[in-house]
Student: 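Below is the structure I would like to discuss, written out as structure tokens.
Proteins come first, then strands; the chains are lettered A, B, ... in the order of their sequence lines, and each starts at number 1.
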Amino acid sequence: MTAIVVATVVGALCAIGTYLLLQQDLVRVVWGLSLLSQAANVYLLAMGNVLPGGPNTVPVLAGHGEPPSGVTDPLVQALVLTAIVIGFGMTAFALFLSYRVYQEHGTLALAELAEAGDRR
Amino acid sequence: MIALWAPIPAATGTDAASTLVVAPLLIALVTAVASLLSGRQHRGRIGVSVLGAVAYLIAVVAIDWYLVLAPDAPGIATYQVGGWAAPFGITLVVDGLSAFMLTMVAVIGIASLLSSIRVLPDLDRHRYYFPLFHFLMVGVTGAFLTGDLFNLFVWFEVMLMASYLFVAYDGGPLQTRAAFWYVSLNLVASAVFLLGVGGLYATTGSLNMADLSRRLAEPAAYGIDPVPVVGLFGLLLAVFAIKAGLVPFQFWIPSAYQAAPPQIAALLAGATKKVGIYAIIRLSFTVIGDAPVDVSLAVPFTGPELAGDSPLVFVGAALFAMAVASIFVGGLGAIGGRSIESVLAYSSIGQVGFIALPVAIAAAVPGLRTLGIVAALVYALNHTLAKGLLFLAVGAVRTATGTSRLADLGGLAGRSPSIAVPFFVGSLAIVGIPPLSGFFGKFLVFDVAARTASSALVLVVVAGSVLSLVYATRLWTRSFWGPQSPAVETAVTDHVQAAVLLALALAIVGVGVGFEPVYAFAEAGAEAALDTDAYVEAVDPSDEVSTGSGGDH
């Protein structure tokens, strides 16, 4: 069940991300990029085994002080943490860059930016 | 719990060898931080930067000699970061292949740095140039040294972050737009990279390259199905092709290379491009090459059918298509360029095709493996030196005349011979005239192509060479011959930049004249790339650690 939910979420994030990536507006493109990298992160997390998941499955315990019944692979969580940090920095940079593009060109529409490129 | 924290002694190599492995990375990092901390001390910052670049070169030369080329050299050395043994710890590895790549980067790095110093007169505005430069070097070095797939991703990002800022560096409309495309494309590539890495981890249960290759070589013993690995590696191949700028992933290159300062474009073409090539060679030949996958594939031009029992056949077919397309797209694009750097950027796409073509042949034809990789490495060396020289010459031309548009130039040969002569040498090296380094690059590529006994392949190489001859001639006649334009008449050549160009030109001639040791080095690199057993043995000598748990993910 969990596996199906995770797969659906990854698929939906990828689809929405791609849709936004193809939009005419730079800010939406940045949103698309950010969603796409989130999809990759969730996918990476799922690669460490999605356990059938009782209430006691690590990393979230239902109660306090009980021994955990199952352990998910901790390595992917470490990897995802790294990927999230990198992705966050990159998204911030992309947002800043789209602001600079707006300052330089006075527009965020991709069609007008492409025209500006052709005029050069 | 306490036992976990006890340091595990590094398993291989002497201490000195291990220290040498990590030296270039540390030097670049310390230089970056030191130049960042030097505040408004401009002279201090320049001094630290140059000192760091020289120390980097010395460390790389020491690696070349003591670890690879000396008669009693081990050929491969590892550094287990934090004393955690592979496959659980992070491993840094130097072998012939990474040493060859590091040497190219060290040389072009120091040339680019010295040229940069002369074009940044207003140093208060350019406080972050040198730290960024060294962070770029940190990323490139890390990518060459790491023995772990996820760390390769991290080093890629370190390298890219610095290169994003450099593409946007001059801050004009052209730069912001180019940087946005560049960042967007690479963010998508990073997501794809993560998908590939995640899939490989789920399939094989490991991300350490040595461990991966051991598991893939005997999939039955570890309970792995090697077939999905081929598809997942296809994802990674696309990512590396983006970094290398192979068609159909080349479209960001012209705008990014024109937007970045020419000194950095030299580094982008000479160093970051080679990271993509390096990753393709390392992962194809050292890591997934031994996986048993039955392949039978009908591909035009390369003979009747590609067949084999290795995923390398797929890699060969894909790379072959990308390489041929790159040679033509790059060559034709370069002929229409309107400024020197736009010609050079397109030419860079074509030249990387020439580097990828022998790699493709090496992957597809088992008998030509060593020779194919040697050809690719020699061509890569030539491209780094020659294209680096030409981009730095663009910088020198811009400093002298204030422009690099072909329409505004002409007659530079009369006004600035100290730029023109090295530029001429660089152009000839791109075309492949003896006795320059380019001749041996082209010659080896021809040799490998001819040995496949496919006339179509040889024709592709000939056509690509003719294209490079055409655009090099056009570039030369438009900017260096003819009557002097107004911009050229008042040109004042900067002597330090000219000296750097001259030094690179001499290096190109030197590599061509004294080719034998270079060939030996490239051969050591190719053998290191193919010698999976030695790689696995050096990184992870303990056999029992990793058995058992794989494959049930």
Student: Counting only heavy atoms from other residues, nucleotides and ligands, does the tally under 6.0 Å from CZ of A/Arg28 exceed 12?
Tutor: no
Student: Should we count OH of B/Tyr346 as having more than 12 external heavy atoms under 6.0 Å?
Tutor: no
Student: Heavy-atom distance under 4.5 Å to chain B: side chain of A/Val101, backbone, both or neither?
Tutor: both
Student: When you look at B/Phe150 and A/Leu44, which way does the side-chain contact (heavy atoms from CB on, under 4.5 Å) test go after all the steps?
Tutor: CA-CA 11 Å; B/Phe150 190 81; A/Leu44 192 57; 4.2 Å; yes
Student: For B/Gly171, is there any backbone N or O sitting under 3.5 Å from a side-chain donor or acceptor partner on A/Arg100?
Tutor: yes
Student: I'd like to know whether CH2 of A/Trp31 has more than 12 heavy-atom contacts from other residues, nucleotides or ligands below 6.0 angstrom.
Tutor: no
Student: A side-chain contact here means heavy atoms from C-beta on lying under 4.5 Å apart; do A/Ile86 and B/Phe153 qualify?
Tutor: yes
Student: Using non-hydrogen atoms only, which part of A/Ser98 is less than 4.5 Å away from chain B: side chain, backbone, both, or neither?
Tutor: both
Student: I would like to know whether A/Tyr102 and B/Thr176 meet side-chain contact (heavy atoms from CB on, under 4.5 Å); could you show each step before the answer?
Tutor: CA-CA 9 Å; A/Tyr102 180 72; B/Thr176 51; over 6 Å; no
Student: Checking B/Phe180 against chain A: side chain, backbone, both or neither under 4.5 Å from a heavy atom?
Tutor: both
Student: Are B/Met161 and A/Met90 close enough that some pair of their side-chain heavy atoms sits under 4.5 Å apart?
Tutor: yes
Student: Among residues 185-195 of chain B, which ones touch chain A with a heavy-atom distance under 4.5 Å?
Tutor: B/Leu187, B/Val188, B/Ala191, B/Leu194, B/Leu195
Student: Considering non-hydrogen atoms only, spot the tightest contact between B/Trp181 and A/Leu110 and give its length.
Tutor: CH2-CD2, 3.0 Å
Student: Taking B/Ala178, B/Ala179, B/Gly198, B/Pro173 one by one, which has the highest count of heavy-atom pairs under 4.5 Å against chain A?
Tutor: B/Pro173
Student: Does some side-chain heavy atom of B/Tyr182 sit less than 4.5 Å from a side-chain heavy atom of A/Leu97?
Tutor: no
Student: By a 4.5 Å heavy-atom criterion (distance strictly below it), what part of A/Leu36 contacts chain B: side chain, backbone, both, or neither?
Tutor: both
Student: Answer with side chain, backbone, both or neither: which region of A/Leu21 has an atom nearer than 4.5 Å to a non-hydrogen atom of chain B?
Tutor: side chain
Student: Measuring only between side-chain heavy atoms, which start at C-beta, is B/Leu165 closer than 4.5 Å to A/Phe93?
Tutor: yes
